[in-house]
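Have a look at the structure below, then the notes.
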Amino acid sequence: LQWVTVYGSTIPVQWEELTGNGSSDEPTTMLTLTFNGDIAEELSAEEITFKKGDGTDTDEDQGTGSTTIAEKGELTYRGNGTFDLSLLNVTEEGDLNVGIEKYGYEFTPASKTVHLYPWTKIEWSSLSANGSETETTTKLSFIFSANIDGLTSEDITIDAGKTGAVKGELKQLI
């Protein structure tokens, strides 16, 4: 019986580009990853890693806080080494370091950084009506944690049931 050492080789893949679709006016909901090399459809979302920040090493203790500002959604292969990765729960504006850990492949560079923009979180504080048992309700009042620019009555859905209620004009009270 003889033992022999077998050395494997890795497939080189050049990571060309990482872009996000967001801006200061629109939330980031999608990342596009573009590669040059023999990657084909061989990548899964589980092999993509997220880390908050630009990925540079620091001596600071990162604590037990959040290590990322987004969650991975569905990964879609678009062809020619290009993948779209949907993003969920972008919690804050900032840099996201994206890496790939795939057995048998060597990505150059090993990671890239992209800037993300979050959805604005608005909480619904209260809903009240002006009617009573003896008076017809003619107005609903909504209170939110922040101003909602561009909110119209078309954005609001009501289930009138048997009441016959219909939507009227929406006015913002200051």
Side-chain angles (χ1 to χ4, degrees), residues 7-127 142-157 170 172 174:
Y7 297 96
S9 63
T10 58
I11 298 170
V13 177
Q14 183 67 35
W15 191 347
E16 299 289 334
E17 191 173 23
L18 171 65
T19 59
N21 68 343
S23 71
S24 59
D25 296 327
E26 293 291 326
T28 306
T29 59
M30 183 79 63
L31 297 181
T32 300
L33 299 85
T34 305
F35 305 98
N36 185 0
D38 189 15
I39 189 73
E41 297 179 43
E42 301 297 321
L43 188 62
S44 71
E46 291 78 28
E47 296 164 321
I48 298 171
T49 61
F50 285 175
K51 184 174 155 186
K52 185 176 181 178
D54 64 6
T56 57
D57 291 332
T58 67
D59 292 333
E60 294 179 32
D61 179 12
Q62 298 300 316
T64 58
S66 174
T67 59
T68 185
I69 58 175
E71 294 176 18
K72 295 178 282 184
E74 183 178 343
L75 182 69
T76 305
Y77 180 62
R78 291 188 7 210
N80 297 324
T82 301
F83 295 82
D84 282 338
L85 178 64
S86 63
L87 293 181
L88 309 170
N89 299 325
V90 177
T91 58
E92 63 185 75
E93 181 176 345
D95 289 336
L96 179 71
N97 181 266
V98 180
I100 301 180
E101 296 176 2
K102 181 164 184 59
Y103 180 77
Y105 290 81
E106 182 178 349
F107 292 87
T108 305
S111 67
K112 286 186 172 275
T113 301
V114 64
H115 195 79
L116 301 184
Y117 299 90
W119 285 99
T120 301
K121 292 183 181 179
I122 296 178
E123 294 183 25
W124 191 339
S125 301
S126 71
L127 169 64
F142 305 91
I143 299 176
F144 300 100
S145 63
N147 187 33
I148 303 174
D149 293 329
L151 183 66
T152 69
S153 62
E154 296 302 313
D155 299 318
I156 299 170
T157 303
L170 180 66
Q172 180 178 358
I174 298 178

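We're numbering straight along the sequence, starting at 1.
The backbone N or O of Thr34 lies less than 3.5 Å from no partner atom in the side chain of Thr82, so there is not a single donor-acceptor pair. One N or O on the side chain of Glu47 and one on the backbone of Ser44 form a donor-acceptor pair closer than 3.5 Å. Although no hydrogens or angles enter the test, the distance criterion places a donor-acceptor pair under 3.5 Å between the side chain of Lys102 and the main chain of Glu42. A donor-acceptor pair under 3.5 Å is absent between the side-chain atoms of Lys112 and the main chain of Leu18, judged by distance alone. Here the side chain of Gln14 pairs a donor or acceptor atom with the backbone of Thr108 at under 3.5 angstrom. Judged by distance alone, the side chain of Asn21 and the main-chain N or O of Met30 form a donor-acceptor pair under 3.5 Å. Put simply, the side chain of Ser153 never gets that close to the backbone of Leu170: no donor and acceptor are under 3.5 Å apart.
Once rounded to the nearest 0.5 Å, the distance linking CD of Glu101 with CD1 of Ile48 reads 11.0 Å. For the atom pair Tyr105 OH and Ile11 CD1, the distance stands at 4.0 Å (nearest 0.5 Å). Here the CD atom belonging to Glu74 is positioned 4.5 Å from the OG1 atom belonging to Thr76, to the nearest 0.5 angstrom.
Put simply, the side chain of Leu85 reaches to within 4.5 Å of the side chain of Phe50, judged on heavy atoms. Looking at heavy atoms from C-beta onward, Phe83 lies in side-chain contact with Ile39 at the 4.5 angstrom threshold. Between Asp84 and Thr32, some side-chain heavy-atom pair lies under the 4.5 Å cut-off.
Between Trp15 and Phe35, the angle of the ring planes lies from 30° to 60°, which puts this pair in the tilted group. Ring geometry for Trp124 versus Phe142: interplanar angle of 30 to 60°, hence tilted.
No more than 12 heavy-atom neighbours from other residues, nucleotides or ligands sit within 6.0 angstrom of CG on Asn80. Heavy atoms from other residues, nucleotides or ligands lying under 6.0 Å from CD of Glu106 number 12 at most.
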Criterion side chain to side chain contact (heavy atoms under 4.5 Å, CB included) on Thr49 and Lys51, from CA distance to verdict: CA-CA 7 Å; Thr49 61; Lys51 184 174 155 186; over 6 Å; no
Evaluation steps, side chain to side chain contact (heavy atoms under 4.5 Å, CB included), between Phe144 and Leu151: CA-CA 12 Å; Phe144 300 100; Leu151 183 66; 4.2 Å; yes
